[in-house]
Novice: 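To start, I am sharing the structure in question, which I have written as structure tokens.
Quick note on labels: first sequence line is chain A, next is B, and so on, each numbered from 1.
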Amino acid sequence: MKKGISIKNLTKVFVINQKNKVVAVDDVTLEVKPGEFVTLLGPSGCGKTTLLRMIAGFETLTAGDIYIGEENIGAQTPDKRDTAMVFQNYALFPHMNVFDNIAYGLKIRKLPKTEIKQRVQKILDLMKMNDFAHRVPAQMSGGQQQRVSLARALVMEPGVLLFDEPLSNLDAKLRIHMRDEIRKIQKEVGITSIYVTHDQSEAMGLSDKIVIMKDGVIQQIGTPREIYQKPINAFVAGFIGKTNVVEGKIMSTNNSNYEVDIQGITHMVKSDNKLSVGDKVSMMLRPESIIVEGEQYDGIVTKSMFMGENHEYEVKWNDQILQISESNPFGRDIYEIGDTMKIGFDEKALHIL
Amino acid sequence: MSNNKKQIVKDKSNFQLRMITEVEVMKKVFSDPILLGAIVTVLTIVTMFIVFPLVNILKESFIYEDKFSIHHYSEIYRLSYNKDIILNTLKLGVTVSLLSTVVGFIFAYASAYVKIKFKKILNGIAILPIISPPFVIGLSAILLFGRMGIITRGIFGMKNAEIYGFHGLVLVQVLTFFPVAFLVLVGLLEQIDPSVEEASRDLGASRWKVFSTITLPLMAPGIANAALLVFIQSVADFGNPMVIGGNYTTMAVQIYMQGIGSLNMSGATALAIILLLVSVSAFITQKFYLGKKSYVTVTGKVSRRRELISEKKVVTPLSITVILVSIFVGMMYILIPIGSFIKLWGVNYSLTLDHYKYVFGLGFKPIFDTLKLAMIATPITGILSMVIAFLVIRRKFLGRAYIDFVTMLSIAIPGTVVGLGYVITYNKPPLVLTGTGIILIIAFVMRSMPVGIRSGMASLQQIDPSIEEAASALGASSKKVFTSITIPMIKPALFSGLVYAFARSMTLVSTIIFLVSAKYNLLTVATMSQIDQGRIGVASVYSTLLIIIVGSMIALMRFALSKMGVSQEDIKL
Ligand SMILES: Nc1ncnc2c1ncn2[C@@H]1O[C@H](COP(=O)(O)OP(=O)(O)OP(=O)(O)O)[C@@H](O)[C@H]1O
Ligand SMILES: [Mg+2]
């Protein structure tokens, strides 16, 4: 059942009129292994939905190929593809109850009645939706509808499951709950999945692999850790979480170990980039990797905000503002605006862009 | 409020509490003389010109030789001729409503779902019959398919082709009324969320399966709705059956024949009551039963634009159907002006101005009379509609539900019934209005007002009342709030109401045919009497003039309004 997806040099151009066109997806190449959960993440309009709809068959391909398993599906209509989509607005059939909604695809496949019943029942159990089987969509909450929409796709046991921001209509708490639910079910069933979201914490929590897109172009593909800790460029660094970028100069090299001078202090930094002595480099440093009372540099606090689980500062350091996040600041006085703060950089976290 | 007083309020029954609220509401109304004046005026108008005439018909229908009697009804039951007329009307209504809904659905589907060329033009042609004079299509049908028709006689050489009768009537009514179904259905189709259909396709459904298991079931209530609306129009239709019905008489025609032709008003009343029951019950079914059964609203907002179907096997047959029907409708409109220059249709196709000479020889009076009365009626309709819409939606007062209900129901009252009601009510003291221009203006206003009120109400409902409340809080009186806040905000509804009222007044036949007199001769009535006498050329002249006047007035009003900053989009018809 498990099938991988392989996308090769995929491009989509929307022609708006004689003069204007939009390159929504630009030469995208992507491998998704069987059973993998991949998230597409990027700012609004970067082509996530378009890419997903091309895989599902709702948009024609301008160039490139899509394979599901060994099969090139580029020319197939949506009904012939082994994909099932979970829509952002659920797209439940309003004139059918939950049971019929879920059974719809199986009926189209002309499966025997008893098998349909059995499979729908199984999914209803899995989703804990038994009590709702006879309700119509209008009689259910957003979260319940969302589960039906997930069930309707899952019951098909498709080769590939596609999600287009399925949680964006839910409130924060329900969103986290459903996120965990989706992950659990996907793990259990093990369907190859592509998931579109705006929400980076959703992407972090769910994915085996994250794909960061910008203007139709893939910026980076990696595990959540790689994306967070070793972003490939400033865009990716800035898109995932808060970040600081500091400048430095290479003093010496030893394989992939570099001595970098930052404002007169030398730091040991690891990098796979090929660099030589004298090169100027930009480095990324996450707010939680700046150590308060670190005894390396002095800064002036310009913002101080208690957020509950951590305390956030903005500190003027040389000519730039650093974001600093200190967790668990128990037993220590809080720095106020105008205070001088001693800070240090965690060398292991310095990442050369 | 002191504790003591609170206790008193708590002890009151629900009924008493409601009475207290009503009294408070009325106090408020009485402290605002302009509001009070408006309410009293509207109540009077609605009662005098909608309710009272109907009550009179009902009363009259049970009086025979000055005594209470069911004579008129038993007469209908006794005479098989009358029974046939009732059956005729129903048969026509059902047939036309089914066919019109099918044609309207094809147009709507093609318009909302399919990639076809010249969509705007095709939609425009489809809507033409709604604003055009009622005889155009009937007259064209005679020119095309009549005994002397170019198609029947000219192409197929048939000697005895008969357009008059059931089949001709069906053809003409379907072409006249399918736009009604089209407009209802296209609105609903556009509200279906495309992702619902994509979901079905994604789950393995073919295009046809998507249509049959998703689109069609979702549209079912809407389709029934459209069919009922067409049914109401078909049974109420007077012009077409009059012109083309031949021996196939319908109730609307019979009411007129009996009332005016045989001067047997009371005989006509029973038939009028039955016709009224038929259309009102269809309307109530549509409004209160189907109105609640819409799925389309459930699917909520449309998430993304629909990807139009471009597969040849869908596009080609639909395009051909739609284009053919449009060409047919278009041809019917072109034929009328052409016919007005033809010496004797079917016999002598040489060009002539004779018909124009004849018409102008009779004088310009019908043209001026019609224009004058319609131009007086139009602004009255516009303002009255908006005032009523405002009162019903935004004010609380005793009688509000009454006004709301009566004006809504009046959409379904057949024009002939209203005409009959006016004749029997206003031809004797204390108020003699028959034969005057006033009653004609009243008829114009009352026939176009209900639609105006509904569109005014629809647009008011989309405007947050707190905007008006803010104006009141800043010290504006009721009148000031209405003129300075409400009217500007519902300008589009007001203006489209004006255009509609004018077109409708110019082309009205059913009601006014009871009310015209030697003093006022109207274009539509003149056209009809010419058709009746077989002077097709002359009738074509009148119809051409009517098309030109209505068409250019609409264009002129649109132009004037666009100069005033109302966008074309806002002046929908
Ligand atoms: N049918 C279409 N016609 C023309 N342009 C389109 C169409 N669909 C999408 N686009 C354009 O393609 C680009 C990518 O759109 P897409 O919907 O894929 O973005 P997205 O990443 O899903 O954004 P969001 O996060 O806002 O949903 C946008 O610039 C959009 O305007
Ligand atoms: Mg999107």
Novice: Answer whether the closest heavy-atom distance between the side chains of Glu198(B) and Phe87(A) falls below 4.5 Å.
Specialist: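 Yes, their side chains come closer than 4.5 Å.
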
Novice: For the atom pair NZ (Lys80(A)) and OG (Ser206(B)), what is the distance rounded to the nearest 0.5 Å?
Specialist: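 Those atoms lie 7.0 Å apart.
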
Novice: Regarding Tyr104(A) and Thr213(B), do their side chains bring together a donor and an acceptor under 3.5 Å, going by distance alone?
Specialist: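 Yes.
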
Novice: Between Gln88(A) and chain B, which part of the residue has a heavy atom less than 4.5 Å away: side chain, backbone, both or neither?
Specialist: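 Neither part; nothing is under 4.5 Å.
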
Novice: Report, as yes or no, whether the 6.0 Å neighbourhood of atom NZ on Lys107(A) holds more than 12 heavy atoms from other residues, nucleotides or ligands.
Specialist: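 Check passes, neighbour count above 12.
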
Novice: Quick check for you: to the nearest 0.5 Å, what is the distance between Met219(B) atom CE and His95(A) atom NE2?
Specialist: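 Those atoms lie 12.5 Å apart.
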
Novice: Do Val196(B) and Leu92(A) have side-chain heavy atoms sitting under 4.5 Å apart?
Specialist: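 Heavy-atom side-chain distance check fails, nothing below 4.5 Å.
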
Novice: I want to check something: taking the side chain as every heavy atom from C-beta on, are Ile214(B) and Met96(A) in contact at a cut-off of under 4.5 Å?
Specialist: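 Yes, their side chains come closer than 4.5 Å.
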
Novice: Where does Arg53(A) contact chain B at under 4.5 Å (heavy atoms): side chain, backbone, both or neither?
Specialist: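 Answer is side chain: those atoms of Arg53(A) sit under 4.5 Å from chain B.
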
Novice: Once you round to the nearest 0.5 Å, how far does CZ of Arg201(B) lie from CZ of Arg81(A)?
Specialist: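 One gets 10.5 Å once the value is rounded to the nearest 0.5 Å.
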
Novice: So do Arg207(B) and Asp79(A) actually touch side chain to side chain, heavy atoms under 4.5 Å?
Specialist: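 Not touching, per the 4.5 Å side-chain cut-off.
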
Novice: Hey, mind stepping through Ile108(A) and Leu203(B) against side chain to side chain contact (heavy atoms under 4.5 Å, CB included) and telling me if it holds?
Specialist: CA-CA 8 Å; Ile108(A) 297 274; Leu203(B) 294 168; 5.8 Å; no

Novice: Which region of Ser149(A), side chain (C-beta onward) or backbone (N, CA, C, O), has a non-hydrogen atom less than 4.5 Å from a non-hydrogen atom of chain B, or is it both or neither?
Specialist: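 The answer is neither part of Ser149(A).
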
Novice: Below 4.5 Å, heavy atoms only, C-beta onward: do Thr83(A) and Asp202(B) meet side chain to side chain?
Specialist: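 With C-beta onward as the side chain, the pair touches.
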
